[in-house]
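These notes are about the structure you will find just below.
What you see is a predicted model; the values in this text were computed from it and never measured. Count residues from 1 along the sequence.
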Amino acid sequence: MSAKNISLNGKLAATFAALILIFVAVSAFVYSKATASASASAEQEKSELLVNQIDDALQAMLEQAVNLRGFILFRSDSTYGDVFANRERMLKAIAAAKQTAAGEPQLVEMIDGMQKAADLYFHELAEPQTKARKETDMPIAEVVKIGVNATKGQLDGFRQASAKIKATAREKSNALAAIRADANSHLKTTLIAGGIVASLAAAMLAWLMSRIIVRPVVGMTAAMDRLAGGQNDIEVPAVERGDEIGRMAQSVLVFKQAAIEKLRLAGETDRMRDDAERQRRAGDEQKAREEGEIRYAIDALAGGLAELANGDMAGRLQTPFASQYDSLRNDFNHAVEKLQAALQSVGRNASAINAGAGEIRSAADDLAHRTEQQAAAVEETAAALEEVTTTVRDSAKRAEDVGNLVERARLGAEKSGEVVRKAVSAMQQIEKSSGEISNIIGVIDDIAFQTNLLALNAGVEAARAGDAGKGFAVVAQEVRELAQRSAKAAKEIKALITTSGEQVVAGVGLVGETGKALEVIVSEVQEINHHVSAIVTATREQSIGLQEINTAVNNMDQGTQQNAAMVEEQTAASHALAQEANALEELLRQFKLGQVAPAPRASVAGTNARPVASPAHALTRTVAKAFGGRQASAAATVQEEWTEF
């Protein structure tokens, strides 16, 4: 099969298949080398992790031995806890190392040997020695001998096993590093060579595609450009090909034949255009006639609306429109008739509203004047009574404050007397405790003396022991110095307690005298409290009476002010209503409505209402009664005056 007859899809598929095969081969080789490098890197990291875990176990084992020696020498709780903490740390490190070395029996066997040596060292040496040192008073020399023979060489065996494991792991790590370096080298070489081969193959395939596909397409494009420019005598290339380019050439031949056919049909199109022009002119004439009818109807409606805008409600459209538009004329005439009737009715109502608004305005002005005078009188009365009430309330509050202060002073004096009695008892107890503390200080002094003697004997024994007892000699010297400082401090404390006891005796006498003085003060404060309570009760009764009167007057004042505000609003509304009625009449005078029947005048009831005098005199009588103790009568009087108002 010739390459010209293969489809473009086939050519492109073959080209890309060749490129894909090249890239797949290179990628497979690169993947194998990358996998080998990654595997070697993972194994190397595993070996390094194993070395770190073995180092951690060895360090924990050594720290366990150091802490054991420290506990045997100093017997401290911190070193005791560190022995077992490092034991747990070592076991965790060995367990982690076993997990890391899983799959390598030789390394696992060596790690098991390390754990056996560590277990033997702990159970035969560390645990018995710490137990003997913590729970018994066995001498240090005997504690050190426990388990020495059974564990001899175990610590060195632990070190040697760890060193052997680390050496094996490092050898494996070095070998894996060499494997990874070799894989990386092959990987770089493969990438370079594969890139060169792929580039050459891509260039060769691009040249072949250009020759097989691009050149024929360029020739086809030139032929199509000439055909689009109107040259119908062109020769279409690649007609003999069996691929998509050949089918494109066949399509171009069809376009060529269509262009020739188009020239033939152009003449017939011109004739059809002339017929359409004649039909368009006939339609324009019909449209012009319809537009004339519409324009006449619009002009007539505009004239009628202009008369309506000038206020002429009697104008009508008499000339009929075209049959399809005559309903607009009838609707306009009917609407004007309805509007004329509505405006005539509005005019009659506006005259009636204007007459009634004048009467309402006159009555509202009179009511507002009387309400303002009455509100001013009530406001002055409320202000004066508020000042009196405030003065009495302040007096009552201050009297109550004085009573509270006297009561608190009495309670404080009584509590002070009780506190003084408790202070006397406490000082007596302190005096007794001082004697007991002096006895305890004597015992501490004796203990310090005995400790000094024991430390001196321990120093002598340590000197006899020679070099082996130097450490104990230092400890004995420190204990001796501590005993001397304890004895000196005990003597100083004893002297201070003796002085404190003498001062406590003097304080007991002074506190007793203070208690007698406070008893006299308490009796006098109680008498003052009795008199102040009577004053507070009388003042509170006066304040309650004035408060009730003040509440009633405030209610009267609020009601009067609200009535005055409502009257002002009503007056303003009546004035506004009169102005709106006048404006409405002026507006209706602009229209020609014919004769309108006058509306009846409205009458306002209640314009002869009798004003009521101010209740200030009655309030004065109420205040006098309140100070006489008749609160209920005052409240009833205020209620009667408010009802009258």
Side-chain angles (χ1 to χ4, degrees), residues 33-74 76-131 133-134 146-184 187:
K33 292 300 180 181
T35 303
S37 177
S39 177
S41 178
E43 291 295 328
Q44 186 179 7
E45 291 177 358
K46 189 176 179 182
S47 299
E48 292 176 355
L49 178 61
L50 180 61
V51 171
N52 293 332
Q53 291 168 346
I54 295 299
D55 284 338
D56 191 14
L58 178 60
Q59 184 179 2
M61 186 67 183
L62 295 177
E63 290 180 0
Q64 179 184 359
V66 171
N67 292 325
L68 176 62
R69 296 190 186 97
F71 177 71
I72 292 173
L73 289 176
F74 301 105
S76 63
D77 293 336
S78 60
T79 53
Y80 178 80
D82 291 340
V83 171
F84 294 93
N86 286 309
R87 163 73 176 175
E88 294 297 327
R89 175 185 165 192
M90 183 268 297
L91 292 176
K92 290 180 181 179
I94 288 179
K98 282 184 179 181
Q99 186 176 359
T100 303
E104 298 185 17
Q106 183 180 0
L107 293 177
V108 174
E109 184 178 356
M110 288 189 286
I111 294 172
D112 290 336
M114 287 177 62
Q115 186 170 2
K116 290 178 181 178
D119 293 341
L120 183 61
Y121 177 83
F122 179 75
H123 294 299
E124 297 295 335
L125 180 68
E127 191 174 26
Q129 286 184 356
T130 54
K131 185 176 181 181
R133 181 60 173 157
K134 186 175 181 65
I146 296 175
V148 172
N149 294 329
T151 60
K152 188 175 182 180
Q154 295 301 321
L155 191 59
D156 294 335
F158 190 90
R159 290 195 189 95
Q160 292 172 1
S162 64
K164 187 180 294 184
I165 292 172
K166 289 191 289 184
T168 303
R170 288 194 179 96
E171 290 177 359
K172 182 179 179 182
S173 177
N174 294 332
L176 291 171
I179 293 172
R180 187 175 65 177
D182 183 63
N184 290 334
L187 181 62

Where [X] and [Y] come nearest, the two heavy atoms and their spacing:
| X | Y | answer |
| --- | --- | --- |
| Leu68 | Tyr121 | CD2-OH, 3.7 Å |
| Leu125 | Ile146 | CD1-O, 3.0 Å |
| Pro128 | Phe122 | CD-O, 3.9 Å |
| Val83 | Gln64 | O-CG, 3.7 Å |
| Ile54 | Ser162 | CG2-CB, 3.5 Å |
| Phe158 | Met90 | CZ-CG, 4.3 Å |

Can you tell which of Ile179, Asn174, Leu176 makes a side chain to side chain contact (heavy atoms under 4.5 Å, CB included) with Gln44? Leu176
Is the shortest distance from a Lys or Arg side-chain nitrogen in Arg87 or Glu127 to a carboxylate oxygen in the other one below 4.0 Å? no
Is it true that Lys116 and Asp119 make a salt bridge, defined as a side-chain N closer than 4.0 Å to a carboxylate O? no
I would like to know whether Gln59 and Asn86 meet side chain to side chain contact (heavy atoms under 4.5 Å, CB included); could you show each step before the answer? CA-CA 9 Å; Gln59 184 179 2; Asn86 286 309; over 6 Å; no
Lys46, NZ atom: more than 12 neighbouring heavy atoms under 6.0 Å: yes
Spacing of [X] atom [atom1] and [Y] atom [atom2] [to the nearest 0.5 Å]:
| X | Y | atom1 | atom2 | answer |
| --- | --- | --- | --- | --- |
| Gln160 | Ile165 | CD | CD1 | 12.0 Å |
| Arg69 | Thr79 | CZ | OG1 | 13.0 Å |
| Lys98 | Gln115 | NZ | CD | 4.0 Å |

Determine whether [X] and [Y] make a side-chain contact, defined as any pair of heavy atoms from C-beta on separated by less than 4.5 Å.
| X | Y | answer |
| --- | --- | --- |
| Glu63 | Arg89 | yes |
| Gln53 | Leu49 | yes |
| Lys134 | Asp77 | yes |
| Leu50 | Ile111 | yes |

Please step through side chain to side chain contact (heavy atoms under 4.5 Å, CB included) for the pair Leu62 and Arg159, ending with a clear verdict. CA-CA 9 Å; Leu62 295 177; Arg159 290 195 189 95; 3.3 Å; yes
Donor-acceptor pair, Asp56 side chain versus Asn52 backbone, under 3.5 Å? no
Report yes or no: does Thr168 contribute a side-chain atom to a donor-acceptor pair with the main-chain N or O of Lys164 at less than 3.5 Å? yes
